[in-house]
Amino acid sequence: MNCTLLETRKTLSFLLRSCTAHSAALQCHAQSFVQGLLPNTVLQTDLLLVYSKLGLLHEARKVFDRMLDRKNMYPWNVMIASYAQNCMYSDALMVFREFKYFGFRPDHYTLPPLFKASVGVDDGCIGSTCHGLVIRLGYEGYVVVANSVLEFYVKYGAVLQACCVFSNMLCRDTVTWNLMILGLGRAGLCSDAMSCFREMLSLDRMMRVDFMTLPSVLNACGKEGDLLKVREVHGYVVRSFGFDVDAAIGNALIDVYGKCGCLKDSEKVFRTMSRLNLVTWTTVISCYGAHGKGEESLLLFKKMVDEGFRPNPVTLTAILASCSRSGLIDQGKQIFSSIRSDYGFEPSVEHYTCMVDLLSRCGYLLEALQLLESMKSSETGSMWGALLAGCVMHKNVEVGQIAAHRLFQLEPNNASNYVALCGIYQSLGMVDRLSSIRAKMRDLGLVKIPACSWINRAGRTHIRPRGPVSSTSSNDLQNTNYLNHDLRVENLLHDDDTLAMGLYL
DNA sequence: TTAGGGTTAG
């Protein structure tokens with residue numbers, strides 16, 4: 001390549017790296033072609049990067065496929081990462097298979113997207129095998145790689161394994177702590193999540209709590225329903241970030257106050273937020289709905305649409321659930337029919353469940369049954385459970401028996417369904433049938449687990465069973481500190497993973 | 001020249 005062409009190539013590389021628009025990238029690409037600079041590994045890699053950055057995966061793949069130099073790891077890593085970042089997990093894994101075919105060994109750039117892809121395709125074996133590779137190839141010391149391993153176990157719902165990885169990590173940073181708090185909170189180990197947060201607060205500057213830590217911490221507080229802790233964390237948020245917070249923190253605050261029964265506080269946070277997103281609207285709609293304020297939820301839904309936000313399936317579930325809790329039958333029916341016609345989604349299992357619940361609560365039991373029998377999605381216990389609950393409420397034995405017998409097939413070990421049917425028979429004085437169901441429960445060895453309440457008193461959570469039983473300390477139940485488990489990483493890997501590692505290397 | 005984290009329903 002002569003000096004002029006080299007200069008042109010360098011200029012185009014510089015321009016490509018600063019491209020922020022599709023048209024500019026296309027112009028640079030065209031110029032590269034016209035100037036006779038292609039194929040060239042450096043320029044093609046720059047094109048691959050810019051198309052990936054702009055989310056133009058089809059263009060990126062075309063560039064990748066035309067690259068003649070397949071010995072360079074860099075484009076492979078970029079292609080795998082681009083697919084993973086754009087949720088095209090199967091494509092990422094296919095490129096990785098090809099990568100292996102060419103005899104490459106993954107490096108510390110290759111592995112993080114593979115963990116993401118493993119979670120994306122819901123295949124724990126891939127992540128587990130990659131974990132084996134991390135150990136075998138000695139990448140445990142790279143904090144980004146180690147965090148990806150941790151993220152895999154957190155997102156895959158394997159909290160014990162996540163704790164094990166966390167305990168054995170050679171280096172940690174803010175992302176590590178954020179992931180661990182997230183994992184503990186998602187697993188319902190809320191006290192452990194809070195302990196983890198407090199430990200993080202006591203660390204030095206390198207591990208400083210950042211804006212991404214707080215939604216997970218708040219989420220854990222919400223699951224526990226501990227208002228005292230919520231206020232404590234909210235105080236920390238205001239001291240650190242002021243009142244006008246990042247959308248995700250604001251959304252978590254709205255949600256958590258709603259879950260603790262403080263709708264007024266949810267409203268206050270909502271009013272002070274300047275950066276709203278679709279999740280904000282969905283959360284606030286859901287909060288009003290959960291507090292039985294369906295009319296307000298509908299007004300917010302309308303305002304959201306007027307402000308240009310297009311509801312997603314989660315928003316539609318939230319508004320349907322709000323209608324259901326408030327018995328707003330006409331509005332609920334109208335929204336349900338608009339899911340396909342106005343918003344272009346196929347109604348999901350969740351949408352059907354809300355609709356069956358709404359119809360059942362309002363006494364339209366035959367209509368609910370017809371809806372269940374007509375739907376294309378696969379039926380779930382929740383749907384039939386909603387219908388059965390409506391039958392109990394409205395003392396309808398005919399539909400109730402259909403729902404109960406369907407539930408006996410779907411959930412053979414769930415005593416609640418038998419108890420619900422007994423409730424219908426009892427309310428109608430059908431003594432023989434009541435005795436028959438109770439006898440069946442005895443034969444099957446089914447026992448209804450008594451309901452209980454969780455009460456927070458002076459910062460301690462107590463469990464109060466129904467009936468005249470004294471309260472039990474939470475310590476009786478939550479006496480496990482997961483982070484202090486003596487765990488060895490080797491125990492996380494199955495024989496199959498070891499075998500896969502052996503085959504690979 | 002490439003890799004990582006948060007919030008919403010049921």
Side-chain angles (χ1 to χ4, degrees), chain A residues 13-14 16-17 41-46 48-50 52-53 72-82 84-85 106-116 139 142-152 154-155 173-183 185-186 209-220 222 245-256 258-259 269 273 275-287 289-290 311-322 324-325 348-357 380-383 385-386:
Chain A
S13 276
F14 174 79
L16 278 167
R17 278 174 220 157
T41 306
V42 175
L43 211 47
Q44 283 171 309
T45 308
D46 288 328
L48 180 58
L49 272 170
V50 72
S52 301
K53 189 175 77 182
N72 187 345
M73 293 266 296
Y74 182 24
W76 288 94
N77 286 344
V78 174
M79 200 65 243
I80 294 168
S82 304
Q85 270 164 11
D107 65 8
H108 57 289
Y109 286 106
T110 324
L111 288 158
L114 292 177
F115 284 106
K116 196 190 276 278
Y139 295 132
Y142 289 86
V143 72
V144 177
V145 176
N147 284 343
S148 300
V149 176
L150 180 61
E151 187 193 0
F152 158 67
V154 164
K155 300 277 173 74
D173 64 7
T174 297
V175 178
T176 317
W177 287 88
N178 289 356
L179 282 167
M180 199 61 250
I181 293 168
L182 175 74
R186 282 194 180 174
V209 168
D210 70 4
F211 66 102
M212 279 201 179
T213 319
L214 294 153
S216 309
V217 174
L218 287 163
N219 191 271
V245 289
D246 167 80
I249 297 175
N251 298 344
L253 280 167
I254 295 171
D255 179 57
V256 80
K259 284 181 174 146
V269 175
M273 282 173 71
R275 284 160 286 186
L276 309 181
N277 60 21
L278 184 60
V279 178
T280 318
W281 286 101
T282 307
T283 310
V284 76
I285 286 167
S286 179
C287 277
N312 67 9
V314 180
T315 320
L316 293 162
T317 306
I319 190 65
L320 276 176
S322 302
S324 176
R325 290 204 185 95
S348 68
V349 165
E350 289 78 15
H351 299 139
Y352 274 105
T353 307
C354 288
M355 202 57 209
V356 170
D357 189 43
T380 64
S382 303
M383 294 174 189

Listed nucleotide nearest any side-chain atom of [X], set [options]:
X        : options             : value
A:Ser216 : B:dA3, B:dG6, B:dA9 : B:dG6
A:Asp246 : B:dT2, B:dA3, B:dG6 : B:dG6
A:Ala321 : B:dT2, B:dT7, B:dA9 : B:dA9
A:Val78  : B:dG6, B:dT8, B:dT2 : B:dT2
A:Met212 : B:dT7, B:dT1, B:dG6 : B:dG6
A:Asn77  : B:dA9, B:dA3, B:dT2 : B:dT2
A:Ala248 : B:dA9, B:dG6, B:dT8 : B:dG6
A:Asn219 : B:dA3, B:dT7, B:dT1 : B:dT7
A:Asn277 : B:dT7, B:dA3, B:dT1 : B:dT7
A:Thr45  : B:dT1, B:dA9, B:dT7 : B:dT1

Indicate, with a heavy-atom threshold strictly under 4.0 Å, whether [X] touches base, sugar-phosphate, or nothing.
X        : answer
A:Ile285 : nothing
A:Thr317 : base
A:Phe115 : nothing
A:Gln85  : sugar-phosphate

Separation of [N] [atom2] from [X] [atom1] (nearest whole Å):
X        : N     : atom1 : atom2 : value
A:Lys155 : B:dG6 : NZ    : C1'   : 9 Å
A:Trp76  : B:dA3 : CH2   : P     : 18 Å
A:Trp281 : B:dT8 : CH2   : P     : 18 Å
A:Lys53  : B:dT1 : NZ    : C1'   : 12 Å
A:Leu114 : B:dT2 : CG    : P     : 18 Å
A:Leu16  : B:dT2 : CG    : P     : 14 Å
A:Tyr109 : B:dT2 : OH    : C1'   : 6 Å
A:Leu278 : B:dT7 : CG    : P     : 15 Å

Handout entry: Distance-only donor-acceptor test (3.5 Å): side chain A:Tyr74, base B:dT1
Key = yes
Exercise for the section: Could you tell me whether A:Asp246 and A:Arg275 make a salt bridge, using a distance below 4.0 angstrom between a side-chain N and a carboxylate O? Expected result: no
Problem - OP1 or OP2 of B:dT7 under 4.0 Å from side-chain N/O of A:Arg275 - result: no
Exercise for the section: Kindly say if A:Lys259 contacts the phosphate of B:dA9, meaning a side-chain N or O under 4.0 Å from OP1 or OP2. Expected result: yes
Handout entry: Non-hydrogen atoms of A:Ser82 and A:Ser52 that approach each other most closely
Key = OG-OG, 2.8 Å
Practice task
Please check if any side-chain donor atom of A:Thr283 sits under 3.5 Å from a side-chain acceptor atom of A:Asp255, or the reverse.
Solution key: no
Problem - salt bridge (charged side-chain N to carboxylate O under 4.0 Å, His left out) involving A:Lys53 - partner list, sequence neighbours excluded - result: none
Practice task
On the 0 to 90° scale, with breaks at 30° and 60°, tag the A:Tyr142-A:His108 ring pair as parallel, tilted or perpendicular.
Solution key: parallel
Handout entry: Residue list, side chain to side chain donor-acceptor pair (under 3.5 Å) with A:Asn277, at least two apart or on another chain
Key = A:Asn251, A:Thr280
